[in-house]
Amino acid sequence: MDRLIEAIEAKQNPGVVGLDPTEALVPAQIVAGFAEEISEQVEDPAEAPSMQLSVAFFEFNRAIIDAVADIVPAVKPQIAMYETLGPAGIDAYTMTCEYAKQQGLYVLGDVKRGDIGSTAAAYAHHLSGIGLDDTAYDPWHEDAVTVNPYLGTDGITPFVDAATANDKDIFVLVRTSNPSSSELQELELASGERVYEHVADLVEGWGAETIGKNGYSRVGAVVGATHPEEGKALRARMPHTFFLVPGYGAQGGTAQGVAGMFDRDGMGALVNSSRGVIGAWKKSGKYSESMSADDALDLVAESAREAAKDMRDNLRAVLP
């Protein structure tokens with residue numbers, strides 16, 4: 001996590017922007033603006049809608065990245081939003097990750113992979129890239145990925161190995177922000193601890209041999225902002241584990257609530273806001289359907305920048 005920590009220190013900001021575009025979050029004129037261009041490029045008209053949305057998603061993301069790159073240390077693209085569009089969507093995802101890295105941002109791919117053996121090793125190429133004839137190619141441009149721990153150590157080791165070999169990181173789901181997470185994560189074990197607490201101990205162990213110069217391992221934990229007291233307890237339980245904290249803003253998490261998830265030096269957590277930043281234009285009061293696509297993109301960027309600043313300032317206010 002040393003590179004992530006350096007990025008956070010450089011920006012003096014532990015906030016990350018989730019790049020999770022949907023058709024509802026991208027102004028309609030931006031999508032419509034690519035209709036003619038796409039129709040001239042596709043051989044099969046049935047492909048046009050997904051390609052049009054994919055191009056719009058990338059332009060939307062690029063506007064946001066340009067607007068927040070000097071404010072936040074990282075972005076977190078959610079791959080599902082792109083996979084739903086098929087191959088064109090995957091292109092938009094990889095282009096987004098590549099562009100973010102070009103702007104000096106740490107890229108956390110929210111891919112939530114979970115499998116074992118050779119399949120897990122194949123998924124781990126998100127971190128290791130593709131090697132062929134002693135050459136390496138990284139089509140994903142990610143610095144870290146999220147991983148589901150449900151299959152145990154067999155499902156984690158291939159990712160840890162790939163992260164270690166390539167100076168990258170992983171974040172394992174521990175206490176997630178969604179309401180129904182309690183159906184599994186809060187179940188009480190025979191030992192008296194909860195399932196998420198046991199997973200937390202596993203995560204701390206999985207990263208024990210990868211601790212860097214800043215005292216944190218390459219194996220981070222996803223801990224939702226909607227569970228502030230549990231997050232605070234996990235901070236004490238997992239002293240060498242960096243937290244990714246989703247659920248800030250639109251899902252109800254607050255700066256005060258996540259304060260306990262940082263260490264005493266104000267480090268140890270990366271707080272994610274997705275809709276609160278990329279959808280800020282919808283609450284600006286400045287949007288009009290009569291806007292041009294360029295004006296709409298300008299509003300998206302302006303609104304995202306202000307929202308990112310607010311998140312940064314709110315987080316700074318509660319940290320040492």
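Sequential numbering from 1 along the given sequence is applied to the chain's residues.
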**Study point:** More than 12 heavy atoms from other groups under 6.0 Å of CD on Glu37
**Key:** yes
Point to revise | Arg275 and Asp20 ion-paired at < 4.0 Å | key: no
Check your understanding: Is there a donor in the side chain of Tyr82 and an acceptor in the side chain of Asn61, or the other way round, less than 3.5 Å apart?
Key -> yes
**Study point:** Charged N-O contact under 4.0 Å between Arg175 and Glu186
**Key:** yes
Review point. Any chance CD of Glu188 has more than 12 other-residue heavy atoms, nucleotides or ligands included, within less than 6.0 Å?
Key: yes
Point to revise | Asp2 side chain to Lys213 backbone, donor-acceptor under 3.5 Å | key: yes
Exercise for review: Test Pro21 against every option in Val26, Ile64, Leu53 by the side-chain contact (heavy atoms from CB on, under 4.5 Å) rule and name the one that passes.
Suggested key: Val26
Revision key, fill the gap. Contacts of Ser50 meeting side chain to side chain donor-acceptor pair (under 3.5 Å) (sequence neighbours excluded), chain-then-number -> none
Review point. Regarding Glu6 and Tyr106, is there a side-chain donor-to-acceptor distance under 3.5 Å anywhere?
Key: no
Review point. Atom CZ of Phe243 and atom CG of Leu270: how far apart are they, to the nearest 0.5 Å?
Key: 12.5 Å
**Study point:** Contacts of Lys283 that satisfy salt bridge (Lys or Arg N to Asp or Glu O under 4.0 Å) - sequence neighbours left out
**Key:** none
Review point. Quick one: salt bridge (charged side-chain N to carboxylate O under 4.0 Å, His left out) pairs with a partner in residues 65-77, sequence neighbours left out?
Key: Asp70-Arg305, Lys76-Asp110
Practice item. Verify whether one side chain among Asn178 and Thr176 offers a donor that lies under 3.5 Å from an acceptor in the other. Key: yes
Review point. Listed by chain and number, what are the side chain to side chain donor-acceptor pair (under 3.5 Å) partners of Asp138, not counting sequence neighbours?
Key: Lys168
Check your understanding: Is it true that atom CD of Glu193 has more than 12 heavy atoms of other residues, nucleotides or ligands lying nearer than 6.0 Å?
Key -> yes
Check your understanding: Does Arg312 use its side chain to pair, donor to acceptor, with the backbone of Leu315 at less than 3.5 Å?
Key -> no
Check your understanding: Heavy-atom distance under 4.5 Å between the side chains of Ile65 and Thr96, does that happen here?
Key -> yes
Exercise for review: Determine whether more than 12 heavy atoms belonging to other residues, nucleotides or ligands lie under 6.0 Å from atom CD of Gln41.
Suggested key: yes
Review point. Has the side chain of Lys309 got a donor or acceptor atom that lies under 3.5 Å from a matching backbone atom of Val68?
Key: no
Check your understanding: Under a 4.0 Å N-O cut-off, is there an ion pair linking Glu302 with Lys286?
Key -> yes
Check your understanding: Among all residues two or more places apart in sequence or in another chain, which pass the side chain to side chain donor-acceptor pair (under 3.5 Å) test with Arg62?
Key -> Glu59
Practice item. Output yes when Asp143 and Lys101 qualify as a salt bridge under the 4.0 Å nitrogen-oxygen rule, no when they do not. Key: yes
Practice item. Spell out, as yes or no, whether a donor-acceptor pair under 3.5 Å connects the side chain of Thr94 to the backbone of Trp140. Key: no
What side-chain donor-acceptor pairs closer than 3.5 Å can you find for residues 155-166, not counting sequence neighbours?
from, atom 1, to, atom 2, distance (Å)
Thr157, OG1, Thr153, O, 3.1
Thr164, OG1, Val160, O, 2.8
Asn166, ND2, Ala162, O, 2.8

Exercise for review: Tell me, yes or no, whether the heavy-atom count around Ile211 atom CD1, taken from other residues, nucleotides or ligands under 6.0 Å, exceeds 12.
Suggested key: yes
Check your understanding: So which of Val16, Val17, Val72 actually passes side-chain contact (heavy atoms from CB on, under 4.5 Å) with Leu105?
Key -> Val72
Practice item. Report yes or no: does Asp154 contribute a side-chain atom to a donor-acceptor pair with the main-chain N or O of Ile116 at less than 3.5 Å? Key: no
